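Note that the structure is a prediction, hence the values are computed from the model and not measured.
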Amino acid sequence: MSESSKDQVIIIGGGVAGPVLAIQLQNAGYSPILFEKVRELGDVGASLGLAPNGLRVLHDLGLSDKILKNGASMTCGVHQTSSGEILAESTTYFDGLRKKYGFSLVGIKRAVLQQLLHDELRHRNIPLHLGKNLTTIEEHANHVVAKFSDGTSHQGSFLVGCDG
């Protein structure tokens, strides 16, 4: 796999940040291509909380409805000790976020979020190559070359690391 494109951007990492960046770059006129080291996507990780600023980005990409449908908006927060003693409780904090930013905090299972993002990549025809373990990056005057452990390589205008 050796390909050249003036506007092609190599993204290393197919978790959450990589697909979001790929969609943003495509919207800006670039041709992103993602490489992920795992061979198969699975149910990895627990849940995560998406803050209003993250939800705003996903909204701007047209994904917030899917996220809200598959996640849960937080309505209250409780801080407690390991023995269960309640230290503080708030229901107004999340309403304040919603009023100020348009979104509250949303909890979603990481694997669900990742699947929604990968579905969007497919819908937009953004390539995602699994089982590609990056070993070397060669920097040249006008391009970079990503080399992978399977002996393949890929050329692009620049490379962005989004892997953890």
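Shown here are the side-chain contact (heavy atoms from CB on, under 4.5 Å) partners of Ile108, two or more places apart in sequence or in another chain: Leu48, Leu50, Ile67, Asn70, Val112, Leu113, Leu116. Residues meeting the salt bridge (Lys or Arg N to Asp or Glu O under 4.0 Å) test with Arg110, sequence neighbours left out: none.
A side-chain contact (heavy atoms from CB on, under 4.5 Å) with Ile11 is found for one member of Leu34, Ile126, Val20, Leu128 and no other, namely Leu34.
Heavy-atom minimum distance, Val106 versus Ser73: CG2-OG, 3.8 Å. Nearest heavy atom pair, residue Glu89 against residue Val78, reads CG-CG2, 3.7 Å. Nearest heavy-atom pair, Ala22 versus Pro32, reported as atom, atom and distance to 0.1 Å: O-CG, 3.2 Å.
No side-chain donor from either of Lys37 and Ser149 sits under 3.5 Å from a side-chain acceptor of the other. Neither side chain, Gln8 nor His143, offers a donor N or O lying under 3.5 Å from an acceptor on the other.
Here the side chain of Thr135 pairs a donor or acceptor atom with the backbone of Lys147 at under 3.5 angstrom.
When side chains are defined from C-beta on, Ile10 does not count as touching Val145, because their heavy atoms never get closer than 4.5 Å. The side-chain heavy atoms of Arg98 and Phe103, taken from C-beta on, include no pair separated by under 4.5 Å. Proximity of Lys132 to Asp150: side-chain heavy atoms (C-beta onward) are separated by under 4.5 Å at one or more points. Between Leu105 and Phe94 the shortest side-chain heavy-atom distance falls below 4.5 Å. With a 4.5 Å cut-off on side-chain heavy atoms, Ile12 and Phe148 count as touching. You'll find the side chain of Tyr30 reaches within 4.5 Å of the side chain of Phe158, heavy atoms only.
Rounded to the nearest 0.5 Å, atoms CG (Leu55) and CG (Leu97) are 10.5 Å apart. With rounding to the nearest 0.5 angstrom, the NE2 atom of His140 is 10.5 Å from the CG atom of Asn142. Taking CD from Glu36 and SG from Cys162, the interatomic distance works out to 11.0 Å, rounded to the nearest 0.5 Å. From Phe35, atom CZ reaches atom OG1 of Thr152 across 7.0 Å, with rounding to the nearest 0.5 Å. Atom CZ of residue Arg56 and atom CG of residue Leu61 lie 11.5 Å apart, to the nearest 0.5 angstrom. To the nearest 0.5 angstrom, Gln80 atom CD is 6.0 Å from Ile86 atom CD1.
Counting heavy-atom neighbours within 6.0 Å of Tyr101 OH, excluding the residue itself, gives a total of 12 or less.
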Under the side chain to side chain contact (heavy atoms under 4.5 Å, CB included) criterion, do Leu63 and Ile23 qualify, and how do the steps go? CA-CA 11 Å; Leu63 298 171; Ile23 294 165; 4.2 Å; yes
Which is it for Val144 and Gln155 under the side chain to side chain contact (heavy atoms under 4.5 Å, CB included) test, yes or no, and what are the steps along the way? CA-CA 6 Å; Val144 296; Gln155 181 176 310; over 6 Å; no
Less than 3.5 Å apart, which donor and acceptor atoms pair up between the side chains of residues 118-125 and the rest of the protein, not counting sequence neighbours?
{"residue": "His118", "atom": "NE2", "partner": "Gly14", "partner atom": "O", "Å": "2.6"}
{"residue": "Asp119", "atom": "OD1", "partner": "Gln115", "partner atom": "NE2", "Å": "2.8"}
{"residue": "Asp119", "atom": "OD1", "partner": "Arg122", "partner atom": "NH2", "Å": "2.4"}
{"residue": "Glu120", "atom": "OE2", "partner": "Arg124", "partner atom": "NE", "Å": "2.8"}
{"residue": "Arg124", "atom": "NH1", "partner": "Gln26", "partner atom": "OE1", "Å": "3.3"}
{"residue": "Arg124", "atom": "NH1", "partner": "Asn27", "partner atom": "OD1", "Å": "2.9"}

